[in-house]
Protein chains: 2
Amino acid sequence: MDLEESSQDGRRRGGAATRERILDAAAELFYAAGIRSTSADRIIESVGITKVTFYRHFRTKDELVVAYLERRAAWERGAVAQAREGHDAVEALRAIASGIGEASCRPGFRGCPFINAAAEYPDTEHPVRLVVDSHRRWTHDAFLDLAAKAGVADAPAVAGQLMMLRDGAMVSGYLGDPEAVAEALAGAYLAVIQAGHRPDEGGRRG
Amino acid sequence: MDLEESSQDGRRRGGAATRERILDAAAELFYAAGIRSTSADRIIESVGITKVTFYRHFRTKDELVVAYLERRAAWERGAVAQAREGHDAVEALRAIASGIGEASCRPGFRGCPFINAAAEYPDTEHPVRLVVDSHRRWTHDAFLDLAAKAGVADAPAVAGQLMMLRDGAMVSGYLGDPEAVAEALAGAYLAVIQAGHRPDEGGRRG
DNA sequence: GGCTATAGTGTTACTAGTACGTCTACCTGA
DNA sequence: TCAGGTAGACGTACTAGTAACACTATAGCC
């Protein structure tokens with residue numbers, strides 16, 4: 001039912017829907033299997049279209065990779081915005097921590113798509129890396145804002161620590177114990193924020 | 001000169017030296033360019049041997065990948081042991097933090113080879129992932145021991161946080177600001193240890 | 001010295017599959 | 001009409017891995 005419907009949808013609504021179907025399949029496969037080891041042919045087969053159709057929507061595979069990461073970045077920005085909505089900084093961090101914790105426990109969780117992509121694309125000038133960098137800058141700025149709102153002495157330093165914890169939590173959720181992520185991350189967030197209120201201990205040292 | 005000498009060395013001392021040369025080249029290329037995008041041919045060319053010689057030392061490319069990671073794991077275990085030598089737990093964490101900070105600043109730093117490898121190998125039963133898991137378990141145990149020696153209330157929880165921070169620091173050193181890693185990591189280590197002494201704040205919550 | 005065994009490497013050519021991307025030609029529904 | 005679809009062969013390059021056969025340096029032995 002669903003399959004048929006979305007296929008008809010693809011025909012009726014034309015290009016935009018097909019593009020979305022390609023992106024859906026790409027997101028699933030790239031994330032699950034890695035980018036380099038997911039061939040364009042594999043995606044094409046999975047969507048059930050032809051090579052020509054695929055290459056009419058995305059001129060190269062890299063262009064699709066970029067689109068995949070950009071869509072994911074937009075989604076994450078929304079999730080962070082939602083976690084912050086109507087909360088103070090500490091509550092927002094708690095919400096972010098439990099969001100990451102929940103994601104870690106979902107079947108098929110494979111860590112952060114951006115970290116994973118960067119592992120596969122060493123060239124810092126590559127379009128894929130530019131998307132990764134841009135999303136990481138945005139995330140870092142969000143943490144910077146939260147650190148400042150939490151009233152720590154050295155907000156940039158604490159923002160770096162919050163970012164570190166986020167990254168580490170994504171890795172731990174993938175390669176470690178997913179069940180423990182939410183609590184450990186929330187506790188660590190709190191710990192660095194609190195240490196940030198006592199400049200001698202958590203911030204810079206001699 | 002060097003080339004000639006090591007080539008003669010390879011002949012005189014037989015297989016072990018050639019195997020090492022293959023491993024050296026593989027380590028450099030796998031780490032710098034990623035594993036999947038480094039072909040066996042590329043390694044073979046870089047070492048200056050033939051396909052046949054290569055496959056006489058490593059039956060498959062995966063076998064080489066495993067050997068690469070195992071050698072790297074041994075090196076890291078040595079580095080951690082050295083950081084702990086003659087220090088108490090907190091000093092050891094400081095030494096580990098500055099070690100990671102220094103590594104981050106070295107040109108060509110591309111993060112943690114194990115995290116990167118895991119990004120490219122989704123199958124948890126794959127030999128590569130088994131090496132990754134085994135090394136991560138060892139690292140976690142080392143942190144657990146340090147947390148216990150630091151006298152925190154809930155050592156397993158704090159060990160998870162230390163591990164998170166280590167992973168995040170490796171990512172930050174690659175994709176963020178390498179200069180800031182050492183200090184941020186040392187501060188965060190301290191923060192979670194200190195919070196671990198006040199069970200209500202850093203540990204479990206309601 | 002001369003013989004042989006052995007281990008390691010070299011050369012060349014090969015299989016067979018996969019990768020990305022292009023090409024021509026035709027179909028369909030608004 | 002025409003955008004967007006189908007079908008699938010094709011080009012070119014790379015991928016991992018194998019087969020058959022020749023060469024060389026060392027070591028032990030008569």
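Quick note on labels: first sequence line is chain A, next is B, and so on, each numbered from 1. As the structure is a prediction and not an experimental result, all values here were calculated from the model.
Two residues are said to be in side-chain contact when any heavy atoms from C-beta on lie closer than 4.5 Å; Phe143(A) and Arg166(A) meet this criterion. Annotation: side chain of Asp167(B) is not in contact with side chain of Leu175(A) (no heavy-atom distance under 4.5 Å). The closest side-chain heavy-atom distance from Leu144(B) to Leu162(B) is not below 4.5 Å.
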List every contact pair, protein side and nucleotides 14-16 of chain C side both N or O, where the distance is under 3.5 Å.
none

Within the sub-3.5 Å range, which N or O atoms of nucleotides 26-28 of chain C have a protein N or O partner, and how far apart are they?
none

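For DNA chain D, none of the residues of residues 24-47 of chain A falls under the heavy-atom distance limit of 4.0 Å.
Phe54(B) has its CZ atom 8 Å from the P atom of dG17(D), to the nearest Å. In this structure, Lys61(B) atom NZ and dG17(D) atom C1' are separated by 13 Å, rounded to whole Å. Taking atom CZ of residue Arg19(B) and atom C1' of nucleotide dA7(C), one finds them 16 Å apart after rounding to whole Å. In this structure, the CG atom of Leu64(A) is 13 Å from the C1' atom of dC20(C), given to the nearest Å. Here dT9(C) presents its P atom at 11 Å from CZ of Phe58(B), a figure rounded to the nearest Å.
Note: His135(A) and Trp138(A) have parallel aromatic rings, judged against thresholds of 30 and 60 degrees for the angle between ring planes.
Comparing atom distances between the Thr60(A) side chain and each of dG21(C), dT6(D), dG17(D) picks out dG21(C) as nearest. Across dG17(D), dT24(C), dG10(C), the shortest atom-to-atom separation from the side chain of Thr53(B) is found for dG10(C).
The structure places CG of Leu130(B) at 8.5 Å from CG of Asp123(B), a figure rounded to the nearest 0.5 Å.
Distances shown here put every side-chain N or O of Thr18(A) at or beyond 4.0 Å from the OP1 or OP2 atom of dG4(D). His57(A) has no side-chain polar atom (N or O) that falls below the 4.0 Å cut-off from OP1 or OP2 of dG4(D).
Counting atom types as modelled, Arg59(B) pairs no side-chain N or O with a base atom of dG17(D) as donor and acceptor under 3.5 Å.
Comparing Arg56(A) and Thr50(B), the nucleotide of DNA chain C nearest to each residue sits closer to the 5' end for Thr50(B).
With sequence neighbours left out, the side chain to side chain contact (heavy atoms under 4.5 Å, CB included) criterion links His140(A) to Ala159(A), Met163(A). Here Asp88(A) pairs with nothing under the salt bridge (Lys or Arg N to Asp or Glu O under 4.0 Å) rule; sequence neighbours left out. Applying the side chain to side chain contact (heavy atoms under 4.5 Å, CB included) test to Glu70(A) and every residue at least two apart in sequence or in another chain returns Val66(A), Val131(A).
The main-chain N or O of Glu120(B) is found under 3.5 Å from a side-chain atom of Arg36(B) such that the two form a donor-acceptor pair.
Around the CD atom of Glu91(B), the shell of radius 6.0 Å holds more than 12 heavy atoms that belong to other residues, nucleotides or ligands.
Note that Arg110(A) lies outside the cation-pi zone of Phe30(A), set by a 6.0 Å cut-off to the ring centre and a 45° limit from the axis.
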